[in-house]
There are 2 protein chains.
Amino acid sequence: MITLDTIDKKLIGYLQQDAKKTTKELSFLLGLSNTAVYERIKKLERQQVITNYVALIDKEKVEKNFMVLCHVKLNQHLKKNILQFEKEILKLEEVLECYHVSGDYDYIIKVFVKNMDAYRKFLVEKLTVISGIGSTQSTFVINEVKNTTHIVL
Amino acid sequence: MITLDTIDKKLIGYLQQDAKKTTKELSFLLGLSNTAVYERIKKLERQQVITNYVALIDKEKVEKNFMVLCHVKLNQHLKKNILQFEKEILKLEEVLECYHVSGDYDYIIKVFVKNMDAYRKFLVEKLTVISGIGSTQSTFVINEVKNTTHIVL
DNA sequence: ACTGAAAAGCGCATTGC
DNA sequence: GCAATGCGCTTTTCAGT
């Protein structure tokens, strides 16, 4: 079992906000030595608490700011259909997230495309061609109020 | 208007996968010199195409892997209610994402907590105390099939 | 805009406290 | 478990094309 003390949690918090912070800066913020901070980061990486470091981009600036939450229902809950659907979804680059959920629908997927036309194309050419899909229902995002990757511990 | 050429798009792709890649590695991958890559990255940062660099963590390892998609309906669509709700949501650390959406509900929020008990507490103590909220409907995530921050250009 | 080389700063490993 | 040293690499700058 992994146990994180207060300093680890603070450290993870800082790195979730800015991965480019140097150990020097972090050691100042945490009131620790350079080496201590370095060892803690390496440990968190080794334990796979920190999985990776990524650049985040502005979706508007790259014209991928048309976002849709699409509810998907399979027509039969056969293991074969489930595995097939999940395998195909992983391949679709327009789908950033996919969750198997409780309730009326089986999956909720988050899709990013350029505009409505691109979405229509995605729907007819990529999503609904997956075998086993019963129905879909698209919920369009009018405004992104909040979107962060920062999990507060 | 920002225009990105093929090299920029490739570069953004690499950095979205691994922000720790050195300019040396990138220059090899892109077939450019160190400085050329460096200048392109700096330009993308200046243009705010790349907004920031973050560490991603394993939600299971930090015990925040109980995820709920909660649909929220306001009782009246007054500008006052909307602004109030959006302001309060920004403050809730359990809410990582919030979208104003079309359809039967007004907002969909993505919530990360430890377990069902923590979610119940979040619901009664933090979410439903926001004035103007009409109703909520919680959709529980059974399994995370896909979750990436990588937008393919 | 790209190249190449040279300076400044940081990461990383090691030593000793 | 922390401070200090030193090497190597990376980032950053600069002159030149």
Side-chain angles (χ1 to χ4, degrees), chain A residues 1-64 114 148-153, chain B residues 1-63 148-153:
Chain A
M1 187 51 206
I2 292 163
T3 47
L4 304 170
D5 65 13
T6 319
I7 295 172
D8 284 323
K9 289 178 184 175
K10 271 193 191 176
L11 177 55
I12 293 169
Y14 290 131
L15 292 174
Q16 281 188 102
Q17 289 174 66
D18 180 12
K20 289 275 153 105
K21 276 202 162 63
T22 61
T23 51
K24 206 176 170 185
E25 288 177 272
L26 292 166
S27 63
F28 175 73
L29 288 167
L30 297 167
L32 281 177
S33 72
N34 220 309
T35 323
V37 173
Y38 176 75
E39 290 300 339
R40 278 174 185 266
I41 294 172
K42 287 300 142 193
K43 191 176 175 189
L44 292 169
E45 288 172 0
R46 238 183 299 115
Q47 292 173 323
Q48 286 278 90
V49 173
I50 294 173
T51 54
N52 56 338
Y53 299 92
V54 301
L56 298 181
I57 62 171
D58 186 329
K59 295 177 277 291
E60 291 195 26
K61 297 238 168 76
V62 297
E63 301 208 303
K64 294 278 184 187
K114 185 178 179 183
T148 177
T149 54
H150 183 192
I151 297 169
V152 179
L153 304 181
Chain B
M1 187 51 205
I2 293 163
T3 47
L4 303 170
D5 65 13
T6 319
I7 295 173
D8 285 323
K9 288 178 185 176
K10 272 193 189 175
L11 177 55
I12 292 168
Y14 291 131
L15 292 174
Q16 282 188 105
Q17 288 174 64
D18 179 11
K20 289 275 154 104
K21 274 202 164 63
T22 62
T23 51
K24 203 178 171 184
E25 288 177 90
L26 293 167
S27 65
F28 174 74
L29 289 166
L30 297 168
L32 281 176
S33 73
N34 216 312
T35 320
V37 173
Y38 177 77
E39 291 298 340
R40 278 174 183 267
I41 294 172
K42 288 298 142 191
K43 191 176 176 188
L44 291 168
E45 290 171 359
R46 239 183 298 116
Q47 293 173 322
Q48 286 278 90
V49 173
I50 294 174
T51 54
N52 55 339
Y53 299 93
V54 302
L56 298 181
I57 62 172
D58 185 330
K59 295 177 277 287
E60 292 195 25
K61 296 240 168 74
V62 297
E63 301 209 301
T148 178
T149 54
H150 183 190
I151 298 169
V152 179
L153 304 181

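Please read these numbers as outputs of a predicted model, since none were measured by experiment. Throughout, a chain's letter reflects where its sequence line sits, starting with A, and its residues are numbered from 1.
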- Item | 5'-to-3' dot-bracket of DNA chain D (Watson-Crick, G-U; under 3.5 angstrom; crossing pairs as [ ]; | other strand) | ||||||||||.||||||

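- Put simply, CG on Asn52(B) and CD on Gln16(A) are 11.5 Å apart, with the number rounded to the nearest 0.5 Å.
- Distance alone, capped at 3.5 Å, places no donor-acceptor pair between the Glu39(A) side chain and the Ala36(A) backbone.
- Defined by atom type and a distance below 3.5 Å, a donor-acceptor pair is missing between the side-chain atoms of Asp58(A) and Thr51(B).
- Atoms CG (Asn34(A)) and P (dC10(C)) sit 10 Å apart, rounded to a whole Å.
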- Query: Do Ile41(B) and Leu26(B) pass the side chain to side chain contact (heavy atoms under 4.5 Å, CB included) test, and can you show the C-alpha distance, the side-chain angles, and the key distance before you say yes or no?
  - Reply: CA-CA 10 Å; Ile41(B) 294 172; Leu26(B) 293 167; 4.0 Å; yes

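- Sorted by residue number, the members of residues 36-56 of chain A with any non-hydrogen atom under 4.0 Å from DNA chain C read Tyr38(A), Lys42(A).
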Polar atoms only, N or O, under 3.5 Å: list the protein pairs with nucleotides 6-8 of chain D and their distances.
none

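- If you take CG of Leu15(A) and P of dG11(C), they are 11 Å apart, rounded to a whole angstrom.
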- Message: Would Leu153(A) and Ile151(A) count as a side chain to side chain contact (heavy atoms under 4.5 Å, CB included) here? Give the steps.
- Response: CA-CA 6 Å; Leu153(A) 304 181; Ile151(A) 297 169; 4.0 Å; yes

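- Of the candidate nucleotides dC10(C), dT12(D), dT3(C), dT3(C) has the atom nearest to the side chain of Leu32(B).
- Applying the 3.5 Å distance criterion, the base of dG4(C) shares a donor-acceptor pair with the side chain of Thr35(B).
- The OG1 atom of Thr23(A) lies 11.5 Å from the CG atom of Leu29(A); values are rounded to the nearest 0.5 Å.
- Gln47(A) has its side chain within reach of Leu44(A): a pair of non-hydrogen atoms, C-beta onward, lies under 4.5 Å apart.
- In this structure, the side chain of Ser27(A) does not engage the main chain of Val37(A) through any donor-acceptor pair within 3.5 Å.
- Distance Lys20(B) NZ to dC9(D) C1': 15 Å, rounded to the nearest Å.
- Nucleotide dC12(C) holds its P atom 16 Å from the NZ atom of Lys24(A), rounded to whole Å.
- In this view, Lys42(A) and Glu45(A) satisfy the side-chain hydrogen bond (donor to acceptor under 3.5 Å, both in side chains) rule, not counting sequence neighbours.
- Rounded to whole angstrom, the span from the CG atom of Leu30(B) across to the C1' atom of dT3(C) amounts to 15 Å.
- Side-chain nitrogen and oxygen atoms of Thr23(B) include at least one within less than 4.0 Å of the OP1 or OP2 phosphate oxygen of dT11(D).
- The side-chain hydrogen bond (donor to acceptor under 3.5 Å, both in side chains) test applied to Asp8(A) returns Arg40(A), not counting sequence neighbours.
- One can place CG of Leu26(A) at 12 Å from P of dC10(C), the figure rounded to the nearest angstrom.
- Lys20(B) is linked by a side-chain contact (heavy atoms from CB on, under 4.5 Å) to Tyr53(A), Asp18(B), counting only residues two or more places apart in sequence or in another chain.
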